[in-house]
Amino acid sequence: MSAEPLVSARGLSKRFVKKPDLAGRLAGHLGADVREETVHAVDHVDLDIKKGEVVGLVGESGCGKSTLGRMIAGLLSPTEGEVQFKGKPRDKLSGADARAARLAIQMIFQDPYASLNPRARVEAIVGEAPVVHGITTRSAMPAYVDDMMRRVGLDPDLKRRYPHQFSGGQRSRIGIARALAVNPEFLVCDEAIAALDVSIQAQIINLFMDLRTEFDLTYLFISHDLGVVQHITDRVVIMYLGRVVETASTEELFDGPNHPYAQALLAEVPRISTEKRSFHPIKGEIPSPLNPPSGCHFHPRCPRAFGRCRNEVPVLKEIAPGRYSACHLNDG
Amino acid sequence: AKELKMALSAEPSAMDPHFHNLTPNNALTSHVFERLVHFDEKQSLIPGLATSWKTIDEKTWEFKLRTGVKWHDGSLFTADDVIFTMERAPNVENSPGSFALYVRGKTFSKVDDFTVRVTTKEPYPLMPNDLATIAIISKKAATGAKTEDFNAGKAAIGTGPFKFSEFVKGDRYVVVRNDDYWGNKPVWSKVTIRPIKTGPARVAALLAGDVDVIEEVPTTDIARLQGDAKVSLGQGLSNRVIYFHIDHWRDETPFITANDGSKIKNPLKDVRVRKALSKAINRPAIVDRLMEKAAVPASQFLADGFFGVSKKLKPEAFDPDGAKKLLAEAGFPNGFKMTLHGPNGRYINDARMAEAVAQMFTRIGVETKVETMPPAVFFNRASQGAGGNPEFSFILVGWGSGTGEVSSPLKSLVATFDKTKGMGTANRGRYSNPVLDKVIDEALATVDDTKRGELLAKASEIAIEDVGVIVSHYQLNTWATRRGLKYVPRTDEYTIATSVSEQ
Amino acid sequence: MSTTDAGPAVAEDAAVRRPAVQTPFQRFVADYTESRLATIAFVALIVTMLLALIAPWIVPQNPYDLAQVDIMDSRLVPGTPASSGKYTHWLGTDGAGRDLVSAMLYGLRISLAVGVMSGLIAMALGAAIGLVAAYVGGKVESLIMRIVDLQLSFPAILVALMLIAILGKGVDKIIIALVTVQWAYYARTVRGSALVESRKEYVEAARCLGLSNGRILFGHILPNCLPPLIVVVTVQTAHAISLEATLSFLGVGLPQTEPSLGLLISNGFQYMLSGEYWISFFPGLVLLMTIVVINLVGDQLRDVLNPRLSK
Amino acid sequence: MTAYIIRRLMQSAAVVLAMSVIVFLGLHVVGDPVYLLIDPQADQAEIERTIRRLGLDQPIWMQYFHFLKGALSGDLGKSFVHGTSALKLIVERMPATLEIAIAATLMAILLGIPLGLYAGLKPDSFASKSIMATSILGFSLPTFWVGIMMIMVFAVMLGWLPSTGRGPTATFLGITSSLFTIDGLRHITMPALNLALLKISLVIRLTRAGTREAIHQDYIKFARAKGIPTSRIVGVHLLKNIMIPVVTVLGLEFGSLIAFSVVTETIFAWPGMGKLLIDSIQTLDRPIIVAYLIIIVMLFVVINLIVDILYSILDPRVRIGEKSA
Amino acid sequence: MSGSDQAAIEPTLAVSGLKTHFFTKAGVVKAVDGVSLHVNPGEILGLVGESGSGKSITGFSILGLIDAPGRIVEGSIRYKGRELTTSSDEELRSLRGDRIAMIFQDPMMTLNPVLRIDTQMIETVHVHHRVSKAEALERARAALAEVGIPSPESRLKNYPHELSGGMRQRVAIAIAFINKPDLIIADEPTTALDVTIQAQILAEAQALCARTGTAMIWITHDLAVVSSLADRIAVMYAGRIVETGRTADVVSAPRHPYTQGLINSVPSHNVRGSRLNQIPGMTPSLINLPKGCAFRTRCPQAIDACLEPPPIREIGPGREVRCFNPVGVARPATAEAAP
Ligand SMILES: Nc1ncnc2c1ncn2[C@@H]1O[C@H](COP(=O)(O)OP(=O)(O)OP(=O)(O)O)[C@@H](O)[C@H]1O
Ligand SMILES: Nc1ncnc2c1ncn2[C@@H]1O[C@H](COP(=O)(O)OP(=O)(O)OP(=O)(O)O)[C@@H](O)[C@H]1O
Ligand SMILES: [Mg+2]
Ligand SMILES: [Mg+2]
């Protein structure tokens with residue numbers, strides 16, 4: 001692993017704003033309750049991912065994991081901040097560099113059904129982009145596709161088929177082959193295994209890990225399955241309502257989470273046990289990102305919240321080497 | 001109490017008799033209002049509210065009014081009402097088409113309560129005809145009244161055989177018997193008039209027993225209704241002739257080309273071509289097949305029996321070979337291409353008529369296309385579509401003589417177009433023949449009926465022989481009633497309850 | 001690839017392999033032909049179209065050529081021999097003397113041509129606008145969609161009536177009018193499915209792979225919007241044919257001498273009560289059957305192409 | 001809600017403006033009814049007088065400007081043909097049209113929903129298949145053709161119902177309508193049915209589709225798992241969900257009912273505003289045409305508003321203008 | 001209160017040899033093909049299996065909610081000794097929601113979106129019990145309070161969409177519990193929920209069963225969830241139950257190769273960062289299952305005998321397995337990945 005991060009996020013924010021239109025504003029003047037609605041999907045996130053690293057991104061539904069992943073993959077443009085690729089702001093790149101940066105980061109999607117064009121054959125799905133970008137030629141494309149399919153453990157004979165003729169696990173493999181076909185360095189896997197059966201999940205996780213060693217890939221692995229995250233990642237980033245609350249190496253985190261939210265999250269992961277256990281869940285629900293709680297977003301549910309948590313946003317501080325947490329409790 | 005329900009083919013727009021000079025309006029209002037002079041079914045003049053009229057000198061007419069006539073509100077009819085009427089008639093607010101034409105140039109003066117004098121600047125023979133169009137209204141009831149007041153019934157106080165009862169525009173118009181009527185009291189105690197525009201719907205309404213009388217029976221249904229025991233028909237000649245205007249004035253006419261589509265000189269300026277076209281028309285076939293015999297082949301502007309028609313003129317015989325020969329003589333052995341324009345839904349079977357005639361022309365080598373359009377569009381373009389001038393080359397039109405004599409079509413259709421003189425106002429072919437103009441002018445200034453009749457006949461002959469227009473047929477008007485009733489057909493196309501009698 | 005398990009994938013394949021059915025098209029055909037009625041309707045539609053197409057070569061008379069039509073032959077009872085003696089008016093003649101069989105097939109030609117042409121033009125136009133709206137988004141999209149909404153909330157027949165009143169008669173005019181009233185349906189459909197499709201992950205994947213917008217739009221999104229579009233085309237074509245007939249009935253629409261089915265019916269309407277039923281009855285039957293057949297096909301297409309119903 | 005209404009009003013104002021410009025210009029190009037209105041024997045002076053009186057002598061933009069000025073004060077101009085206020089003419093005719101439109105809607109609901117429900121609940125039965133086949137027919141039948149046939153059969157041949165026209169009216173709760181008299185009902189049956197035919201088919205299909213979709217929903221299965229009897233599941237759980245699209249579509253289709261009444265009114269000589277429009281188009285009576293279209297737009301705004309309100313009553317998920325929580 | 005003394009008491013539900021097949025155009029889908037299981041009062045039975053293995057259909061079969069083209073073709077379902085497969089529709093209906101209740105997977109879909117919570121709760125009471133409206137309302141309120149919904153009165157007036165997913169699932173649970181049933185079938189009720197919310201629901205379900213003595217069948221594909229909740233576990237594969245036993249026994253010493261594979265493929269049972277133990281292949285189509293043991297083609301322990309369908313065998317008290325060659329007893333209890 002080199003010291004220079006491969007991909008980094010600098011103060012990355014994404015806000016979704018729903019502005020009232022002219023009529024709405026007029027109505028507002030007439031006293032109607034018309035407001036601009038803003039969702040802080042991602043709120044000033046800093047993140048460095050080094051080459052060869054597998055970073056897990058966890059958090060509950062709606063906390064902004066996908067949004068962050070999509071910004072890094074270049075599918076969404078950030079409202080604020082920037083994504084750097086190999087130390088350079090990606091937006092400032094142009095020409096061949098820009099394209100290289102674009103292709104270097106690929107995304108693996110959650111839904112194995114929706115992520116494949118139902119009207120294209122596997123061959124076209126995998127082979128289109130390499131041909132367009134001149135990675136292979138049209139005539140060499142079939143052989144190239146065969147190669148890609150073999151890499152992900154698919155029989156190349158199946159390349160004339162359509163997606164609907166495959167099982168969920170096979171579709172996942174096709175999606176991975178498609179990404180691999182443009183020689184990426186970095187894969188953003190957004191819940192890439194969530195839709196699969198347990199027994200198939202294991203196969204795909206193994207495939208990810210094999211590919212990693214074979215092609216020196218770097219991963220941002222978004223998942224809500226902490227067991228999987230624990231198994232395959234080197235480092236974990238925990239988000240809550242758009243903010244990173246804790247970052248730590250996987251081992252350290254699972255040994256002892258620092259942030260109260262991380263603690264709660266880890267405690268509630270069901271694990272195979274021989275004992276019936278009694279649950280002591282944290283109270284309350286995940287607040288709406290439309291009007292998040294003041295101060296520390298977690299304070300209404302936090303068992304250890306105190307006055308300051310209500311008013312002051314805790315900053316992400318290094319509490320141990322390579323370990324960051326955003327909690328006022330750390331201030332003593 | 002006997003009730004009568006009649007269905008009209010058009011919708012009267014007002015109960016105000018001066019609002020719009022339009023057949024359905026005039027027919028409706030004549031239930032309630034009367035004129036000084038009345039038309040009988042054949043548009044002959046008979047006494048109305050005036051018992052007699054005469055010329056004092058060439059330019060002065062005197063009308064003796066009927067005494068003892070009561071308005072529906074009980075007051076007495078006098079010369080004041082006549083004077084009032086003549087003042088109001090041309091000046092109705094928002095009138096889409098007023099009666100001004102019939103009042104203009106006439107000065108009315110009251111001699112006594114029951115005598116009225118009319119003076120004109122020029123000798124004016126058509127005085128009684130003109131006054132037969134203007135309904136007399138009550139000064140007392142209608143002073144300051146607007147059209148709405150008539151529609152509401154407030155001002156709709158007449159002297160006629162029926163009294164106003166209800167006016168629901170587009171739906172129904174109801175009148176009830178005037179028991180104090182001076183003339184023959186009507187049989188019907190209540191008359192409901194409804195517009196049903198679609199022909200078959202009208203027939204269906206009659207067959208279903210919803211109405212007792214319908215006007216304008218579609219020609220297609222005449223045969224069937226004749227055989228229907230539950231229905232009787234009344235059919236009579238109308239004052240309307242169907243004819244064609246021909247472009248006489250342009251050297252190159254827009255809708256005629258050579259067979260290859262290139263421009264040619266206007267062939268219609270050649271009388272032989274016009275004659276050929278007239279010969280090409282199979283009038284008996286039209287009458288027979290198209291009009292279901294509800295028409296008569298035409299020889300001139302008005303049918304036999306009307307004032308001023310020529311006895312000499314006979315319908316042009318169908319002669320395709322003769323027509324081809326004439327065309328060849330005129331230098332068009334292979335004919336030419338032409339577009340025939342016509343209205344769609346203005347006259348009985350007008351669109352199909354245009355099509356049939358186009359067939360006939362095509363057979364003699366004049367390849368004819370047909371273009372029909374809504375009347376509103378058609379008449380606009382036919383009158384002033386080409387920069388204020390008639391647009392088309394050859395059109396199908398009709399003319400109904402409101403005055404019931406021949407001067408009306410002569411003056412409007414074939415007299416030279418002259419804005420200032422008010423001649424040739426509907427001369428959409430711009431036919432111009434100085435000889436003819438002279439005869440017409442003379443006729444219009446001749447008060448003596450016999451002499452005028454001769455002059456009018458002569459004018460008709462000139463116009464027809466020169467093929468100023470091509471006439472096709474006179475329409476027959478057909479009414480149908482349920483069995484047991486009888487409708488006396490009228491040439492003016494009016495449907496009025498007094499023409500319905502029980503058998 | 002040696003390290004991963006090529007073995008199991010092949011085993012999977014054995015289980016997934018489905019018999020016979022291969023391409024989406026074949027699957028579609030199999031699904032469609034499941035309904036016998038719809039299959040018959042499809043065949044009937046093809047036959048109808050063929051008949052309309054080859055009409056000039058199979059009918060005894062060109063009813064639009066005035067030289068071949070004679071007023072003297074008007075309203076002949078079905079089965080009467082033609083005056084020329086060369087053929088028989090099997091279904092009689094109309095009021096202008098046109099042989100009804102010939103007139104109906106020619107009328108069918110016009111009706112179908114009007115329906116299909118307006119459908120295709122409206123589809124091309126609407127699909128392009130809809131795609132642009134979905135793709136460009138923002139102000140342009142909301143403007144387009146407002147216009148579409150307005151167009152759709154305004155009854156087609158009124159718009160068509162007004163347009164024909166303004167434009168005048170003629171096949172071209174009526175096609176313009178029908179396109180004007182129809183494009184919005186296509187725009188809405190395409191935009192709707194394009195939005196759905198463009199949110200699907202395969203489109204994101206394509207963007208991620210650096211494919212150009214045009215390629216994504218036309219190579220990936222558009223083909224996936226086709227199924228609903230096809231359904232709309234069929235339904236709208238039937239609708240257009242019916243609308244043209246209605247306009248002709250109302251006296252605006254097509255020229256008198258070149259009657260479509262609607263105009264034939266409308267003309268025949270006058271003869272309804274006088275017992276000459278055939279003049280409007282047969283064209284009415286043909287019109288009805290044509291519309292029913294198209295609707296049946298459209299109905300089945302809707303069922304077959306609806307992703308919600310297919311497993 | 002306020003924003004919603006403002007948006008609607010702005011939209012319709014835009015439509016009215018755009019539409020009136022188009023119709024004004026378009027009809028101006030086509031022509032005017034002067035030659036139809038005046039006495040054929042009228043001379044040039046009289047023609048010009050008429051043109052002047054109708055205001056047609058002014059340049060078109062001036063005419064439009066006058067129209068706009070009038071429109072702002074609620075005056076949509078005077079009919080060329082009738083000479084009276086176009087607005088008044090239309091408003092006078094409106095009850096007749098609304099009457100058949102409402103009767104047709106009622107028919108569509110009362111016939112369409114039960115049939116559609118049946119076809120949706122028992123999709124494979126012969127009766128259901130017949131219902132659906134018939135509904136395709138209902139979809140395909142040209143309105144005018146059916147109208148003619150109805151008159152032929154029910155009025156002329158069987159003599160059961162009056163062929164044309166509107167029956168006597170009566171006033172009930174301040175509303176004057178022919179729906180309140182027996183003879184009026186007899187008169188309205190055929191035209192309303194004619195108008196309703198298409199909508200009945202539409203409702204059948206909507207209801208069926210909704211039923212077919214809903215019965216596979218978890219909430220229906222959950223209701224069954226709660227032991228709710230079928231009658232209540234269909235009558236409450238299912239119906240309330242189906243009513244949402246049905247009411248919405250019917251509401252929106254109300255506009256097209258009014259539009260299609262043009263055809264029905266022509267056939268049945270029904271004295272409504274549709275017939276007025278057709279006549280006015282034929283006579284190029286521009287003020288009426290423009291006023292009609294404006295009124296229709298307004299009517300639509302109102303109908304849409306009512307539909308939306310109904311929609312939000314039926315579907316609690318929708319609250320107009322409410323922020324999504 | 002765990003089902004310790006099974007022999008002595010009558011089970012709340014006993015299913016034996018249940019076969020539910022779907023007769024589709026493509027062929028007969030044997031969704032449930034010979035399932036036998038039982039639950040005792042107060043006991044939680046975890047029914048685990050991969051997607052499509054027939055878990056839900058088993059649940060629906062018990063409630064008599066199988067629609068055409070599906071049909072229970074064989075087997076018996078006994079509720080407190082009463083045979084349900086031969087009961088009339090009306091009898092079944094009166095049991096449903098009253099004695100046997102069900103909770104569904106997707107909380108967004110199970111509540112009728114256009115009816116208020118109170119309507120949906122009260123009707124459940126009213127169709128089974130003749131009580132006053134006030135009484136029904138009170139029961140509804142109490143039921144909501146019991147599943148931990150704050151301020152239940154005001155919640156009753158809400159529509160489903162006004163509640164969060166977790167809240168909705170709680171309402172569904174409250175509806176299931178409202179008539180104090182003897183048995184609840186919970187079909188993956190937490191799968192769609194977030195971890196923290198899932199934990200809350202699990203806690204409440206557990207507490208309720210303990211309090212009311214209601215028996216429960218908890219259907220899930222997540223062994224982890226069920227291992228911490230259930231007293232006993234039944235593992236399903238391709239329409240059959242392949243292994244049952246007390247949770248601790250099954251988890252610590254799986255006997256069926258499939259169960260073992262399932263447990264071994266869970267990451268936490270593997271050394272971090274190493275390759276996972278995976279079951280090769282995929283779940284077979286239920287239309288044409290491999291002959292004999294359906295797991296045969298994926299099984300590392302398959303032997304020739306597996307070409308015949310294996311019978312279910314009792315291999316210990318309350319412990320059954322459907323395998324000719326079960327995983328040896330010799331294996332270490334914490335079947336970790338092979339070193
Ligand atoms: N296009 C958008 N417009 C408006 N809001 C959005 C948009 N995309 C996401 N959001 C909002 O941003 C927030 C974060 O969404 P995101 O999809 O990143 O969450 P997530 O952590 O991936 O959740 P999940 O686990 O459910 O996938 C959510 O509240 C979501 O509603
Ligand atoms: N109506 C039906 N027609 C045909 N097959 C059906 C039907 N319903 C269910 N099946 C089949 O029955 C099998 C079992 O389905 P079931 O819903 O019980 O699976 P499950 O174990 O609950 O899976 P999941 O975890 O995905 O909910 C599946 O293979 C399914 O395809
Ligand atoms: Mg996400
Ligand atoms: Mg399930």
Side-chain angles (χ1 to χ4, degrees), chain D residues 113 117 119-125 128 206-207 210-248 307-325, chain E residues 56 59-60 62-69 89-117 119-129 157-164 168 171-172 175-176 178-179 181 184-185 187:
Chain D
I113 291 183
L117 259 183
L121 291 172
K122 295 209 163 75
D124 293 321
S125 77
S128 301
L206 269 178
T207 312
T211 309
R212 301 263 286 131
E213 203 177 303
I215 49 176
H216 293 299
Q217 296 287 319
D218 270 3
Y219 62 79
I220 295 294
K221 207 149 198 179
F222 187 59
R224 290 170 66 197
K226 291 196 296 186
I228 311 290
T230 314
S231 57
R232 186 174 162 91
I233 290 182
V234 172
V236 176
H237 290 252
L238 197 65
L239 208 57
K240 246 198 133 180
N241 276 284
I242 295 172
M243 284 312 281
I244 294 167
V246 171
V247 165
T248 319
V307 169
D308 283 334
I309 290 168
L310 269 182
Y311 186 47
S312 69
I313 290 174
L314 284 172
D315 190 345
R317 285 165 295 191
V318 180
R319 290 273 183 264
I320 301 160
E322 196 186 68
K323 347 186 262 306
S324 50
Chain E
S56 301
F60 288 131
I62 294 169
L63 282 163
L65 285 179
I66 300 294
D67 290 320
D89 284 352
E90 186 50 34
E91 279 173 317
L92 278 176
R93 190 191 63 70
S94 66
L95 277 182
R96 282 202 295 266
D98 189 34
R99 301 329 315 146
I100 309 177
M102 190 155 177
I103 310 167
F104 289 54
Q105 168 168 359
D106 191 346
M108 303 295 165
M109 307 295 293
T110 42
L111 298 177
N112 193 326
V114 298
L115 299 178
R116 272 187 355 198
I117 304 293
T119 318
Q120 304 196 43
M121 296 192 81
I122 290 173
E123 69 175 3
T124 319
V125 178
H126 273 303
V127 294
H128 297 295
H129 303 281
K157 300 273 172 287
N158 282 140
Y159 283 97
H161 73 275
E162 292 165 317
L163 306 181
S164 68
R168 276 188 241 189
V171 171
I175 292 178
I178 198 167
N179 287 321
I184 286 186
I185 297 168
D187 188 358

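Within every chain, numbering begins at 1; the chains are lettered A, B, ... in the order of the sequence lines, protein sequences first and strands thereafter.
Contact of E/Ile100 with chain D is made through the backbone alone, with heavy-atom distances under 4.5 Å. In this structure, chain D has heavy atoms under 4.5 Å from both the backbone and the side chain of E/Gln120. For chain D, the nearby part of E/Asp67 is the side chain; its heavy atoms alone come within less than 4.5 Å. Residue D/Ile244 touches chain E through its side chain alone, counting heavy-atom pairs closer than 4.5 Å. Of the atoms belonging to E/Ala176, not a single heavy atom falls under 4.5 Å from chain D. With a threshold of 4.5 angstrom between heavy atoms, E/Leu111 approaches chain D through its backbone and through its side chain. The parts of E/Thr110 that come within reach of chain D are both its backbone and its side chain, each placing non-hydrogen atoms under 4.5 angstrom from that chain.
Residues D/Lys226 and E/Val127 fail the side-chain proximity criterion, which asks for heavy atoms closer than 4.5 Å. The closest side-chain heavy-atom distance from D/Arg232 to E/His126 is not below 4.5 Å.
Among residue pairs with one or both ends in residues 97-114 of chain E, those qualifying as salt bridge (charged side-chain N to carboxylate O under 4.0 Å, His left out) are E/Arg99-E/Asp182; sequence neighbours excluded.
With sequence neighbours left out, E/Phe104 forms a ring-ring contact (aromatic ring centres under 6.0 Å, His included) with D/Phe222, E/Phe60.
Residues D/Ala225 and E/Met102 approach most closely at CB-CB, 4.2 Å, considering heavy atoms.
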